[in-house]
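What follows is one structure encoded as structure tokens, with my remarks underneath.
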There are 4 protein chains.
Amino acid sequence: MARPRPPADLRRKPQQDRSRAMVERIISAGQAVLLRDGYEKASTNRVALEAGISPGSLYQYFPDKESILTAVIDRYSDELSARLTGVLSGHLDLPGPELVRATLDGLLDALSENVEFLRLVGEQLPRSQFKDKAEAMEQRIGDLVSTYLMVQRPPARVQEPPTSAWILVRLVEHLTVQYVLESPAIPRDRFVEELTRLIVAYVDPGA
Amino acid sequence: MARPRPPADLRRKPQQDRSRAMVERIISAGQAVLLRDGYEKASTNRVALEAGISPGSLYQYFPDKESILTAVIDRYSDELSARLTGVLSGHLDLPGPELVRATLDGLLDALSENVEFLRLVGEQLPRSQFKDKAEAMEQRIGDLVSTYLMVQRPPARVQEPPTSAWILVRLVEHLTVQYVLESPAIPRDRFVEELTRLIVAYVDPGA
Amino acid sequence: MARPRPPADLRRKPQQDRSRAMVERIISAGQAVLLRDGYEKASTNRVALEAGISPGSLYQYFPDKESILTAVIDRYSDELSARLTGVLSGHLDLPGPELVRATLDGLLDALSENVEFLRLVGEQLPRSQFKDKAEAMEQRIGDLVSTYLMVQRPPARVQEPPTSAWILVRLVEHLTVQYVLESPAIPRDRFVEELTRLIVAYVDPGA
Amino acid sequence: MARPRPPADLRRKPQQDRSRAMVERIISAGQAVLLRDGYEKASTNRVALEAGISPGSLYQYFPDKESILTAVIDRYSDELSARLTGVLSGHLDLPGPELVRATLDGLLDALSENVEFLRLVGEQLPRSQFKDKAEAMEQRIGDLVSTYLMVQRPPARVQEPPTSAWILVRLVEHLTVQYVLESPAIPRDRFVEELTRLIVAYVDPGA
DNA sequence: AATGAATGAGTGTTCATTCAT
DNA sequence: GATGAATGAACACTCATTCAT
């Protein structure tokens, strides 16, 4: 009747769990400090204080300060990615303009989810802090868009899909982010409509 | 026998001149340090050393460190503005697509003039350091574009010129800057052509 | 029917053995770390890592960091002692100069056995770390030399054997160690010869 | 009647003086801390506190901690050198044994001047902290001794003056230092006498 | 106006030691 | 016994700013 022991890697779970929990706690503390005090004031001591641990304990989980801040940004950007992946995959079968509109809507939703942090990343952090992450994401999405432009029927009327993709990815990213951060006096549906028109006119000028 | 005193504002001129010269010297030193050592290493002591004055003297001309860096950025952005104004004013009489093309060309030339500094601003500085300046410029140019969209004959086929202007300004700014900074594998004339197509298709879909 | 208990000191043996084995393991780890990373970098964490145990476990066997390092040095110096004892006991019947020469040879051999560690002790460690051990050894050997000077026939022509012994012990120790560490441009047999001459002339000026 | 201005380099003296005075103050503080708290406890903060200045001010005069400690040692060793130079130059015309005796006397006097610091250097500091200084001095004095052995009439009966000098320098240095530090139960004149005999018997065995 | 020495709170990081498990 | 996460005081060093000269 003895319960069989779980395999070793499962038995070690609680330890890993505690460790992972602490990592999460530190990342959350880092995020809180960044949001509350700003990038320049975000010191390891403040992060430790916020996390309720001692400065030395940070270094059980992260090799240095930069890695903590990177982890904060990575977590945010992973959340954003996850949200976007969900959004996109649901609409890939829509006709062009609808797909664009739905994507923009989902993107604006995702970006609006945590405007404070988006503002932090967009305004307080030097881009070099998250350049790699950003460029990797732009590359990945650019490839998707490029592929999409080639496979759709009828194909988009663009000469070089990669070039158009390069442009589209950056333009959509920047304009949506700026729309959320600047909150200009443009109603959201108007904005989505204009951006959709811009994109559709570009990739399918005949329509 | 007393020589008549010159009016106050004239008497203070030489003083102002010397002061202005020193301000310029400090700004140049600040720029040199930023370019040479990067944002994180740009300390007031280094700026003073580079300017050939003592650290204390900085504070005769600037209230604090941030104001020095702001002045450096302002000067750069003023230079950029001046160059752009010249570029634009020369082509305002061209038909739409030519105007766009010429503007983009001029913009790319201006941005390429000092890529190092552009990279510094675009990658190392937190945007908050130059947010006001950037938004002021975007506002100013946005108004110009908005006006242009309304006055040209036949008028652009956009529903709300301010909205289109908001979009166009940010899109052109961001894409040209990123093109210069990322140097993607897209030939420059191809890039200008695509961007021109994008813009023309947007503001003049019938064409 | 109870098996008779073995006497206490026997029962604790295995325990002591395990304990002693662990002590040895820690000392070896300490030595390895000292040699690999140097005195300044030799932290308890590194020693524990090298020994394959946890930092906390060190304190089951040693009261603090210093005692670990002391033990490392003690073990080295005990090894050295053992080697020397062997060397000396084999030559005590030789006539004066031969005895000196043979002793110096043995000493140089022993010191050359582990030059790296000798250098560590001689150059990186503050002498206070091993002062007691060194002085105890000097005292012990000094007594031997002092006795030797008195009992040999004819007796050495020194006025106060303890004084001469004090001098001889320190001079031989220091010069041989420095010879090994500095590797001056003096051939070894030349060095041994000179040192022998120095000593013999001192204790037996008539010869 | 106007006094002529002194040349620029003189006018700047007071500044240099103040600077030099501060350097001296820091070195003295460093020495005091080393003597009071020991090498391991000698932190920059303690030195600053002892000097009555702020931690940051140390770095106006020294590039890092090590350079402060090095300066402390250098000052001590320079004082020692100066004292020795005086001692030696007064006796170079004495006949061999008298010269040796006078030199040893002067050396013991010099070393006794600041026993506390000698103990610090000899027992608490890792030799690597002052290895360069020590070896330079040994080289310099060794050359002197080597020359002396060759030029005296009748010449010393040594085969290779440099080898003998190497031995003599280290032996005298070590034994005198150890005599002062250990204070063995050997009266000073007895010690000087023995050492003199040792040396004379070595370099002039016939006498 | 100009200096530049002085400041001192602050930084990121280390590590001998403890103690709940 | 053994663990290893947690500690927290301490470290060397920086730098924007001040102020007596």
Side-chain angles (χ1 to χ4, degrees), chain A residues 14-15 18-19 21-23 26 40-49 51-69, chain B residues 15 18-19 22 40-49 51-69, chain C residues 15 18-19 22 40-49 51-69, chain D residues 14-15 18-19 21-23 26 40-49 51-69:
Chain A
Q15 174 48 30
R18 238 199 291 163
S19 188
M22 191 55 129
V23 165
I26 292 169
E40 305 265 280
K41 292 268 150 99
S43 69
T44 51
N45 282 352
R46 280 199 211 217
V47 173
L49 191 67
I53 61 178
S54 88
S57 295
L58 289 181
Y59 292 83
Q60 302 260 5
Y61 302 94
F62 292 92
D64 53 21
K65 179 193 177 185
E66 207 201 346
S67 65
I68 298 175
L69 301 184
Chain B
Q15 176 45 31
R18 236 200 293 161
S19 187
M22 190 55 111
E40 305 265 280
K41 295 264 147 105
S43 67
T44 51
N45 281 352
R46 277 201 218 219
V47 172
L49 188 68
I53 61 177
S54 89
S57 296
L58 290 181
Y59 292 83
Q60 303 274 355
Y61 303 94
F62 293 92
D64 55 20
K65 182 192 177 186
E66 206 199 349
S67 64
I68 299 175
L69 300 184
Chain C
Q15 177 45 32
R18 237 201 292 160
S19 188
M22 191 54 113
E40 304 265 279
K41 296 263 146 107
S43 67
T44 50
N45 281 352
R46 279 201 218 218
V47 173
L49 189 68
I53 61 176
S54 89
S57 297
L58 290 181
Y59 292 83
Q60 304 274 355
Y61 302 95
F62 293 93
D64 54 21
K65 181 194 178 186
E66 206 200 350
S67 64
I68 298 175
L69 301 184
Chain D
Q15 174 48 31
R18 236 199 292 163
S19 189
M22 192 54 128
V23 166
I26 292 168
E40 305 265 279
K41 294 269 149 98
S43 68
T44 51
N45 282 353
R46 280 198 212 217
V47 173
L49 191 68
I53 61 178
S54 87
S57 295
L58 289 182
Y59 293 84
Q60 302 259 5
Y61 302 94
F62 292 91
D64 54 21
K65 179 194 175 184
E66 207 201 348
S67 66
I68 298 176
L69 301 185

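Note that the structure is a prediction, hence the values are computed from the model and not measured. So that the names make sense, note that chain A is the first sequence line, chain B the second, and so on, each numbered from 1.
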query = Within this structure, what is the CD1-to-C1' distance between I26(A) and dA5(F), rounded to whole angstrom?
reply = 11 Å
Phosphate OP1/OP2 of dA2(E) contacted by Q60(B) side-chain N/O (<4.0 Å) = no
key: OP1 or OP2 of dT7(F) under 4.0 Å from side-chain N/O of S57(A)   = yes
key: Integer-rounded Å distance: dG8(F) P and L58(A) CG   = 13 Å
task = Check whether any side-chain heavy atom of I68(B) lies under 4.5 Å from a side-chain heavy atom of Y61(B), and answer yes or no.
result = no
message = Quick check on dG8(F): is either OP1 or OP2 less than 4.0 Å from any side-chain nitrogen or oxygen of S54(A)?
response = no
request  = Find the distance Y59(B):OH to dC15(F):P and express it as a whole number of Å.
outcome  = 12 Å
request  = Write down the distance between CG (L49(A)) and C1' (dT11(E)), rounded to a whole number of angstrom.
outcome  = 15 Å
inquiry  = Looking at dT18(F), which nucleotide sits across from it as a Watson-Crick or G-U wobble partner, both distances under 3.5 angstrom, or is there none?
reply    = dA5(E)
inquiry  = Quick check on DNA chain E: between G56(C) and Y61(D), whose nearest nucleotide comes earlier from the 5' end?
reply    = Y61(D)
message = On a heavy-atom basis, which atom in Y59(A) and which in D64(A) lie closest, and how many Å separate them?
response = CE2-CA, 3.9 Å
Spacing between E66(B) atom CD and dA16(F) atom C1', to the nearest angstrom = 12 Å
inquiry  = On a heavy-atom basis, which atom in K41(B) and which in R46(B) lie closest, and how many Å separate them?
reply    = O-NE, 3.3 Å
key: Residue met sooner reading DNA chain F from 5', once N45(B) and G52(C) are mapped to nucleotides   = G52(C)
inquiry  = Measuring from the side chain of S43(B) (C-beta onward, heavy atoms only), which nucleotide among dT14(F), dC15(F), dG12(E) has the closest atom?
reply    = dC15(F)
ask   = E40(A) or K65(C): which one's nearest nucleotide on DNA chain E is closer to the 5' end?
value = E40(A)
key: Protein-nucleotide distance (F62(B), atom CZ; dA1(E), atom C1'), rounded to Å   = 16 Å
task = Counting Watson-Crick and G-U wobble pairs only, both distances under 3.5 Å, name the nucleotide matched with dC13(F), or none.
result = dG10(E)
task = Mind calculating the distance between NZ (K41(C)) and P (dC15(E)) to the nearest angstrom?
result = 8 Å
query = If each of R46(D) and P55(A) is mapped to the nucleotide of DNA chain F with the nearest heavy atom, which maps nearer the 5' terminus, i.e. the 5' end?
reply = P55(A)
task = Figure out the CD1/P separation between I53(D) and dC13(F), and round it to whole Å.
result = 14 Å
Given L49(C), V47(C), T44(C), N45(C), the one that forms side-chain contact (heavy atoms from CB on, under 4.5 Å) with P55(C) = N45(C)
request  = Indicate the atoms forming the closest heavy-atom contact of S54(C) with A48(C), along with that distance.
outcome  = C-CB, 3.8 Å
